[in-house]
Each structure stands twice: as structure tokens, then as C-alpha cells.
Amino acid sequence: MNIPVYRKPLTLMPICLLSLPSDDLQYALCLMDFCDLTALSLCSKRTKNLVDYSNVAIEGIYIEVDENRIHSKISAFQSYGGSCYARTIKFVLREDSSIEFERDDRFPKWVNTEFTFSQLIAHFLSLWNPDNRIIQKLTIKNVNPMTYLDTVKQLIPECEALEISENCSDDVAKMAFLKLAPIAVEEVVFQKNRFDNENDISKLLSLNLKSVVFHDSENPFKLESNDLLSLIIVDLYIETANITGKELNRFLKLWMKGNHGSYRPKFLELHLKNELNCEEVLKGIKYDTVDNMNRLKRADGKELDILIKMKYFCIPVSQSSLQLMPIRLLSLPVADLQYALNCMDIHALVAFSLCSNRTKNLVKSSKRKIDLPIVYVDKNHVQFEICERIFPQNDYFNFQLPRYSLKICFYDTRAEIARRGGFEVWKKEEFTQSDWIAHLMSIFNESMIRSLTIMNISLSYLDDVTEFIPNCISLVISHLSSNDVTEKAFLKLAPTAKEVEVCRNIFDSGNDISKLLALNLKKVSFDDWRKSFKLELDDLLVINIINLTIKIANITVRELNRFLKLWMKGNHRFYRLKTLELKLNDEMEINPEEVFKGIKYEIVEDNYSFRLKRRDGKELRVFIVFGSFYFFFD
């Protein structure tokens, strides 16, 4: 248990930092806090170059415009002793053009005397992150006066994503979209519907943009077929949209006639106010059903896949609609092929590995490193979540940063891969779930998963899963599992896991908890806030788990007292338990005198930490804090 300790501020002796020998200077930089490093970088070109090689990696620069102030936040990762810490620093451009810095610790603020806002942005973009000199996100919260948008555009020429907040006035929001959307190289998010019949959404949809999200769950965006036909945005997502099946039908019929041969959009997703009638949307249109989608094909050979489900209309990315130049990848020289593999994200890499045994071996030999997968088993499928990590190209880094992630659900014969706003379906008729999982683990040279969560599955499916699921570090049995599945999953899978969490209380008088507590396990947590776990003395005496947590535990003070007395007598000399945490009901009052009645003990700290010592020298520390007992056995 961590107990906060207050320490008085230290009086430090100043050091001529730049006069230190090179090795000592670099060592000092590695020990510096991110905020101090940032301040040091502003002193001179030499200090900037020194900080450039420190143990910091910029995760992103985020800017928010509110009224006529610009708030900037720099998020970073910093390594200390093999561990990675997230740090932030903020600075604000105020009305009078002054700049004030704010640290995330309690040290004094900085006052800028030299740099302009543009110079600061350029300075921080060039530090630590030379290959990605772009602001991650620009948020327009509100602007007053509206002409301040011109100042924002001048100060911030480019950003990765733009969000126009629901707090903006309607006029500011529309003008911000028109002026600033072109500087967002990846995505624009437009919060709140601000359009009516006189000021429709068409002129925003006709802008040449990469990806746009319109979001308002309460006031749907009114759409007609002409809005969709004038669309130039490559990827469009609208939640919620108000469009009829008749208008969608008109749009599809006009597309089928080929009047829009150079139609630019590649992805369209609409979450609708009302349910769609699939027959009405496709009335009078010839189509085929492929992988639960409706495929339209017109005379010039172009295809359009459509997914219609209740209040959902989606045109997912279709490779047949993309004009890509094919490359004979396997004919490339070895060095070029390896370079191509290194440039692939995980999604493309896994797809490539499924083409043949040769491509599988090529991906496997590329030795791409991933975090151990996180796995969920639910109903009739197994979902894998994979995140790839990279080591930054810096001699002083000793931690990793996220690169790509992939979420994939395995069914028999097919896999569904989550993509932004939708999913893709891959099929291999000869594959079972076991084959999919074995393939994925093999290409990344892994044999274990980080965590396995058992959701709402049947007993028969649990039997199948236990045959092919890899060993895990952490096992979680969800509260959604039935009693039978919870017990069987625990008995079958817990012995192979280092940590186990059970989120459902399945125990009663006929099915007590003792048989699970007696298993030889390392770390177990029983956690159910809806139904407390009934415990008695005998349950505590049979525990064979090293570290045990029970929330909420239903046990009397008298039973705890009897347990401590038996421990003091030394009847359980080889007791395996090392730590025990019992969280009791909040309504239960704990009187330490009753807990330790008849037992010799020593108060260690502030009447909540107690030490018991028996004749053979073994000690037991007991903490009683906020309705919880913490036992630490020697």
C-alpha cells in the first residue's frame, strides 16, 4: 500500500550545466524532467540540439482555440529506469499576444520574453519529432471576433485533424469549416447540426477533402439525393442522417446510369434517424448479394458494395472501385521486398501473409514486433486486438511507442477486420477458428496472449475454445458469463494464467468458494459489487493462492479474529498466501479492537497499520483502511 509522505522543498546548488564533460552532460539530460528539458531547449541553438537527443518522444501537439486565445498542449513520453511516463506541458497565446507556460507539476509558470507563437510551434514540431512535423489536432471551441479565424489559419498552416466543437456559434462553425478544413490532412469532425433548408449542407459536402465526420445524435442532418451526388469528400461519416429510402434509391439509380463516372467518394457511412426498408432502397436496381452486402455493377464495369441494416447505410471501401497500379511484389529484389514489408501496416501485413505459404514465411521472417494480443471470446467468435510497437531511432530511448493497431474477429472460414467506420471480411474456406489463430500467432512469432476475457458463451463453445486458445498472462471471466461457464473456465484456464479475475459471484451454500481458493494459483481477484462473496474461517484456512483479492467480502469480525488467532498459534506454518485484500461492505463498521481481541499486536502507523509477530519469528502486517483489510504475510 502506498502512503503519501510530505517532504520539504530542497535547496539546490546551481550547476554550470553546459560546462560539464560530454558524458556527464548527457547523463544530466537523461535525468531531467520533460518540462525542464523543454525550458532548456529554448535557451539557445546548442541547448535545443542537446535536448533533441534526450530520452523524450513527442506523442502529439494539440491546439484549442477559445474566444481569442490559443491553448496548446504538448503530450510526450519520457523514460526513467526502464519505465515510460506520460507528461504534458501547456502554453497559451493571450489576447495581448503574450505567451504564458503552464507545467503539469507545481513549479512556477514560465513567462515568455522572446518567442512568437509561430516560432514556438515550429520549435516544438522540430524537437524530437523531425519526421512528423505536424500538429495532431486543432479544436475550434469558439472564436470572437470571427475574423480571428484568419489569424488561426496564419499561425497554424497545417494539422492532422480538425474538430469544430458544438460550443461554436453556427456562423463561426460554418466559417471555420470553410476556412480551416483544407488545412486538415487527415480528418475533419463537425459537431452539431447547424443547417436548415436555406443554408444546406451541400456546399460543405462539395469541398475537396479527405475525411469528414458530421456528428449530432439529437438533431439529424437533412440529406437528399442531390447532396450525395455533389459529394467530393473521399470518406464521409454522418451520425445522425435524415434521408428517406426513396432518396437513397434515386441516388443509386443515377449512379447505375453512369452519369457520375468520376465520382470521387470511396467510403460513405450514414447512421439514420429512421429504419430503412432494404427493398425500397434497392427497388428497380439489379444487384447480387455477396458477404451480407448488396453489390451493384454497372455497364462500365464499376462496382458498388452496399451494407443496409435497420438504421445503417454504408458503402465500404471496395478494392474494385480503387484505381491502383498493380506491383509484382514477389518479383522485387530481396532488399526492396523487405523494405515494402517494413512499410506495411499490420492490416496489410496480415492480409499479405494469407496469400500463400511463401508470403506467410516472408512476414514471419520480417520479425515485426507486437504487444502480446488482447483476446475476447464472445458468443461464437474470438476477437484479437493487436498493437505494434516501435523503438524510436534514438540512442537514449529504452521504451517503445505505439505504431499500428488491428482488431480482428475470427469465425469459422472467415475473419472480420474492424476499419474506421466499418469492417472488411476475409475468407479462407479451409480455415477454422483454430487455423486463424494459429496463423496469426505464428507470423508474429508469439506463443502467448496478454489477456483473455471470457464473455457470454456456451459450455460447448468453451470446450472448443480451450483446445486452441493460446496460454495467457491474465484471465478475465466476465459478469456476462453464466455460472456454469464461469466455474468451468476458472478450473480449465486459471492454472495456466499468472493473473485471474472473476467478475461474477457464482457461489452459494451448495457451491462454496473453498474449492477454488484451494487451487495452486499465483494471483486471483474475485470482484462482484452486486453480490458479496460469503466467507468463513475454513475458507481462509484452505487458501492456496499467493495473492488474493475479494470484493465485496461478506465475513464477520469474529471470523477474522479466529483466523488471526489460529495464525498466531503457528498451526499453518507453511501457509502459501502472501497478500490478502478483503473489501467489505461500505455499511459495515470495523472496530480494530474487536478484530485483534485477545491477540498481542503492535500499532505501526496512525492506528490503521498493525504488526503481529509469532514465536517462530514470522510476521503479519495488517492494514485497515476505508472498509478494507490488507494482510501481508511474512
* Asked: Has the side chain of Asp216 got a donor or acceptor atom that lies under 3.5 Å from a matching backbone atom of Asn193?
  -> yes
* To do: Would you confirm whether Gln136, through its side chain, and Ile61, through its main-chain N or O, come within 3.5 Å as a donor-acceptor pair?
  => yes
* Structure fact -> Ser169 meets the side-chain hydrogen bond (donor to acceptor under 3.5 Å, both in side chains) criterion, sequence neighbours left out, with none
* Asked: Glu166: what forms a side-chain hydrogen bond (donor to acceptor under 3.5 Å, both in side chains) with it, not counting sequence neighbours?
  -> none
* Do Val622 and Ile624 touch side chain to side chain, with heavy atoms closer than 4.5 Å? -> yes
* So, Glu64 versus Tyr62: side-chain donor-acceptor pair below 3.5 Å or not? -> no
* **Derivation of the salt bridge (Lys or Arg N to Asp or Glu O under 4.0 Å) call for Glu499 and Lys522** => CA-CA 7 Å; Glu499 301 177 3; Lys522 293 180 179 178; over 6 Å; no
* Does any N or O in the side chain of Asn445 come within less than 3.5 Å of the main-chain N or O of Lys364, such that one atom is a donor and the other an acceptor? -> yes
* Of all residues at least two apart in sequence or in a different chain, which pass the salt bridge (Lys or Arg N to Asp or Glu O under 4.0 Å) check with Lys210? -> Glu186
* Structure fact -> Contacts of Phe214 meeting ring pair (Phe, Tyr, Trp, His ring centres under 6.0 Å) (sequence neighbours excluded), chain-then-number -> Phe177, Phe190, Phe221
* Name all residues meeting the salt bridge (Lys or Arg N to Asp or Glu O under 4.0 Å) criterion together with Asp170; count only those two or more places apart in sequence or in a different chain, and write none if there are none. => Arg194
* To do: Evaluate the side-chain proximity of Ile164 to Gln191: yes if any heavy-atom separation is below 4.5 Å, no if none is.
  => no
* By side-chain hydrogen bond (donor to acceptor under 3.5 Å, both in side chains) - contacts of Ser44 (at least two apart) -> Thr47
* Structure fact -> By salt bridge (Lys or Arg N to Asp or Glu O under 4.0 Å), Lys73 pairs with (sequence neighbours left out) none
* Please tell me if the side chains of Lys203 and Lys174 come closer than 4.5 Å, counting only heavy atoms from C-beta onward. => no
* Asked: Under 4.5 Å between any side-chain heavy atoms of Leu548 and Ile545, yes or no?
  -> yes
* All ring pair (Phe, Tyr, Trp, His ring centres under 6.0 Å) counterparts of Phe629, not counting sequence neighbours -> Phe631
* To do: Could you note down all residue pairs passing salt bridge (charged side-chain N to carboxylate O under 4.0 Å, His left out) where residues 22-31 supplies at least one of them, sequence neighbours left out?
  => none
* More than 12 foreign heavy atoms under 6.0 Å from CD of Gln154: is that the case here? -> no
* Arg621 side chain vs Tyr630 backbone, donor-acceptor pair below 3.5 Å -> no
* To do: Answer yes if the ring centres of Phe632 and Phe623 are under 6.0 angstrom apart, and no otherwise.
  => yes
* To do: List in chain and number order the residues that pass ring pair (Phe, Tyr, Trp, His ring centres under 6.0 Å) with Tyr376, two or more places apart in sequence or in another chain; answer none if no residue qualifies.
  => none
* To do: Check for a donor-acceptor pair, side chain of Asp345 on one end and backbone N or O of Ala348 on the other, with a separation under 3.5 Å.
  => yes
* **Ser442 (side chain) donor-acceptor with His439 (main chain) under 3.5 angstrom** => no
* Asked: With Lys179, which residues qualify under salt bridge (Lys or Arg N to Asp or Glu O under 4.0 Å), at least two apart?
  -> Asp150
* May I ask you to test the Lys137-Glu160 pair for a side-chain heavy-atom distance under 4.5 Å? => no
* To do: Could you list the residues that satisfy side-chain hydrogen bond (donor to acceptor under 3.5 Å, both in side chains) with Asn167, not counting sequence neighbours?
  => Ser165
